[in-house]
Number of protein chains: 2
Amino acid sequence: MRVTAPRERVYAALTEAPHSTPEEIIERVNAAGGTPVPPSSVYRALEALEEIGLVTHTHLDHRAPTYHPADHNRHLHLVCRSCGVVLESPASIADPLVAELEQEHGFVADVTHMAIQGECRRCRS
Amino acid sequence: MRVTAPRERVYAALTEAPHSTPEEIIERVNAAGGTPVPPSSVYRALEALEEIGLVTHTHLDHRAPTYHPADHNRHLHLVCRSCGVVLESPASIADPLVAELEQEHGFVADVTHMAIQGECRRCRS
DNA sequence: TTGAATGCAAAAAATTTGCATATTG
DNA sequence: CAATATGCAAATTTTTTGCATTCAA
């Protein structure tokens, strides 16, 4: 795995703005100026970074996946339908559900990959 | 809301094959023969059916949404990463998590909209 | 009859691919 | 030096939109 400028710039963009879609990353990487990075290189960089575990992606909603630096404190993503805010909660909060799913269905769940939709405190009030 | 042929055919396709993507629905509706229904009409029919609550959609993975007839027994979707099988579980299995999320974050979760990724019993063995 | 819905074709949006060139290790 | 990664352009894929025509109520 080579360290290249596009990969470094994509990773930098993700630390500046986690939960970015590919499009947002493309824009951010290029907004910074310097040699432009074409979309195809951004897509390939994301793929590479994800493969070595530096980056992960999550599906927050019906749109494109969002990428962020891999976090060893895995977390659940909670997305508000009204305002779009993304809350995070330790993945462990779902441990009882995960255990139940395994017992009931023999299914080993990864609750961090897909967000949970709902409505946040502020929008409810 | 008018009852029209395209809408009836789209709904019929969903009862025959729930969890279909728009593309699959387009194919199924037209495979049946008869007057072809163009993609735009399928998309519009899905939107209309969803609006009146006859149909819902769920995000099973990174691909297109999948549609199915609305079910008053709401359920969680469990998707196996290896084989792609879609298991269902009563939404109530997540009640404790939902309660916890509300208490901790004031977030009212709808756990049925996004599937949970993981690995099914058969693929694990 | 008449407004809602369709069908068609074209546009838009998002992602992928092939290939020659440049670059890392 | 040799294999990997980039940049560019074109091709795909998926979904949306405008508009004249048709059809359900």
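We name chains A, B, ... by the order of the sequence lines, and we start the count at 1 in each one.
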In whole angstroms, how far is the C1' atom of D:dT14 from the OH atom of B:Tyr67?
-> 12 Å
Provide, to the nearest angstrom, the distance between the NE2 atom belonging to A:His62 and the C1' atom belonging to D:dT16.
-> 14 Å
Whole angstrom value for the distance that separates C1' of C:dC8 from OH of B:Tyr43 = 16 Å
In this structure, are over 12 heavy atoms from other groups packed under 6.0 Å from B:Arg122 atom CZ?
-> no
In whole Å, what is the span from the CZ atom of B:Arg44 to the P atom of D:dG18?
-> 10 Å
What is the minimum heavy-atom distance between A:Ala94 and A:Leu76, and which atoms define it?
-> CB-CD1, 4.3 Å
Which part of the nucleic acid, if any, lies within contact of B:Ala64, taking any heavy atom under 4.0 Å across all strands shown: a base, the sugar-phosphate backbone alone, or nothing?
-> sugar-phosphate
Tell me: CZ of B:Arg9 to P of C:dA5, nearest whole Å?
-> 18 Å
Identify the two heavy atoms, one from A:Gln103 and one from B:Arg121, that lie closest to each other, and give their separation to 0.1 Å.
-> O-NH2, 4.3 Å
When you look at CD of B:Glu16, are more than 12 heavy atoms from neighbouring residues, nucleotides or ligands closer to it than 6.0 Å?
-> yes
Rounding to the nearest 10°, end axes of the helix from C:dT1-D:dA25 to C:dG25-D:dC1 built from five pairs each make an angle of 40°
B:Ile52 CD1 to C:dA5 P, in whole Å, measures 10 Å
In whole angstroms, the gap separating P of C:dG7 from CG of B:Asn30 amounts to 10 Å
Given atom CD of A:Glu47 and atom P of C:dT15, what is their separation to the nearest angstrom?
-> 13 Å
Establish, with yes or no, whether the OP1 or OP2 oxygen of C:dG7 is under 4.0 angstrom from a side-chain nitrogen or oxygen of B:Ser41.
-> yes
Report the relative orientation of the aromatic rings in B:His68 and B:His77; use parallel for angles under 30°, tilted for 30 to 60°, perpendicular for over 60°.
-> tilted
Nearest nucleotide by nearest heavy atom, which residue falls closer to the 5' end of DNA chain D, B:Val3 or B:Glu23?
-> B:Glu23
Kindly point out which of C:dG7, C:dT6, C:dT15 is positioned nearest to the side chain of B:Thr4?
-> C:dT6
5' precedence on DNA chain C between B:Ser40 and B:Arg2 (nearest-nucleotide basis) | B:Arg2
B:Gly106 backbone acceptor or donor facing A:Glu119 side chain under 3.5 Å | no
Residue B:Thr35, side-chain atoms from C-beta onward, closest of C:dT15, D:dT6, C:dG7 | C:dG7
Please find out if less than 6.0 Å separates the ring center of A:His113 from that of A:His57.
-> yes
Side-chain atoms of B:Met1 come closest, of C:dA5, D:dT6, C:dT15, to C:dA5
